**Q** 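Before I ask anything, here is the structure I am working with.
Note that ligands are numbered from 1 as they come in the structure, with each ligand's atoms numbered from 1 the same way. Worth knowing before you read on, the calculation uses all heavy atoms, side chains too, and leaves out hydrogens, waters and symmetry mates. Just so you know, these numbers come straight off a predicted model, no measurement behind them.
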Amino acid sequence: MARVFSGVQPSGSPHIGNYFGAWTRWATEQEAGHFYCIVDLHAITAPHDPAELRERTIDLACWLLAVGLDPERCTLFVQSHVREHTECAWVLDCVATMGELKRMTQFKEKSQGRDSVSVGMFNYPVLQAADILLYHAEEVPVGADQRQHIELSRDIAGRFNQRFGQTFTLPKATFPTSGARIMDLQHVENKMSKSAQSPQGTIDLADTEAATRKKIMRAVTDSGTEIRAAPDKQGVTNLLDLLSAATGSGVPALEAELEGQRYGDFKKTVADAVNERLRPVRERHAELREDPAAVQAMLARGAERARETASATMVDVRAKVGLTG
Ligand code: TRP
């Protein structure tokens with residue numbers, strides 16, 4: 001039973017790419033020893049609106065619960081509720097080097113040509129390392145864009161252990177082998193993302209069924225009439241992947257089943273399947289939104305459980321580094 005940690009930022013609106021790409025897998029694989037964290041401290045590294053952050057944190061918790069994360073089976077919590085994250089990050093700040101942080105592609109992209117980028121943005125990967133290392137996570141399920149950050153966490157852990165004695169477990173990133181990589185419906189060359197150019201390309205979990213249908217009906221397809229996954233048919237391939245993710249049927253079986261259908265009918269099939277699959281999740285989310293106090297209570301319990309592990313790690317870290325008390 002591997003110890004698992006993953007984090008998600010409460011920024012932007014959750015979409016079906018998050019759901020089919022990561023969260024359904026979190027929900028099926030969850031067990032004791034898995035930590036799932038809403039990383040609100042990471043969300044303040046870029047300029048933000050406090051009221052919006054508050055709202056998005058609770059809303060994201062509702063979505064994760066609606067998707068099936070079960071506080072009885074895993075630990076779901078909010079990063080800032082467990083103070084050890086910032087404490088650990090400071091210690092790791094003193095182990096990480098400017099050079100390695102400057103090489104982070106995500107920072108280079110986000111800071112490009114801007115002098116006003118926050119120090120927190122620069123330090124972002126060190127806080128992420130603290131998230132992971134506090135729980136001795138062995139596996140960190142993430143998207144490919146996070147590979148470099150997980151390798152940095154591993155390097156920092158190794159260096160700390162070498163300098164101060166065996167303390168941290170060396171984590172490794174895991175990437176979904178199953179599960180779908182859903183692309184933008186308008187710009188199929190891009191992964192579906194919170195920061196898409198147009199909302200038409202992204203289906204939010206919070207979209208209505210009508211909006212979902214409309215976006216799928218307007219999704220770009222390809223010239224030709226065949227419903228077949230192929231490198232030169234990215235639009236159709238993406239819709240087939242989406243249908244596959246929503247129904248659980250494999251793409252080859254779907255190709256056979258849909259042979260001869262027109263694109264318009266195919267899209268209706270996809271829209272129905274996506275809406276059907278999301279219906280219970282959307283309903284559960286709406287119920288949870290009705291009772292924010294219950295959600296807060298669940299998060300408080302999650303934080304308490306997370307703190308048990310995190311504070312034990314910090315006792316060790318403090319002793320190793322020579323901090324007294
Ligand atoms: N940086 C991650 C992202 O943007 C979020 C994150 C923060 C995270 N801490 C983490 C992911 C720890 C995995 C493990 O997707």
**Q** In terms of side-chain heavy atoms, does T212 have a donor or acceptor partner in R282 at a distance below 3.5 Å?
**A** yes

**Q** Output all residues satisfying side-chain contact (heavy atoms from CB on, under 4.5 Å) with D241, sequence neighbours left out; order by chain, then residue number.
**A** T237, V251

**Q** Could you walk me through whether H149 and Y124 pass the ring-ring contact (aromatic ring centres under 6.0 Å, His included) test, one step at a time?
**A** CA-CA 9 Å; H149 287 168; Y124 180 116; 5.8 Å; yes

**Q** Can you name the side-chain contact (heavy atoms from CB on, under 4.5 Å) partners of R154, sequence neighbours left out?
**A** L170, P171, K172

**Q** Can you list every pair that meets ring-ring contact (aromatic ring centres under 6.0 Å, His included) and has a residue in residues 285-311, with sequence neighbours left out?
**A** W63-H285

**Q** Under a 3.5 Å cutoff, is there a donor and acceptor pairing between the side chains of Q148 and T105?
**A** yes

**Q** For ligand 1, what N or O to protein N or O distances fall under 3.5 Å?
**A**
| from | atom 1 | to | atom 2 | distance (Å) |
| --- | --- | --- | --- | --- |
| ligand 1 | 1 (N) | Y124 | OH | 2.8 |
| ligand 1 | 1 (N) | Q128 | OE1 | 3.0 |
| ligand 1 | 1 (N) | Q146 | OE1 | 3.0 |
| ligand 1 | 4 (O) | Y124 | OH | 3.1 |
| ligand 1 | 9 (N) | D131 | OD2 | 2.7 |

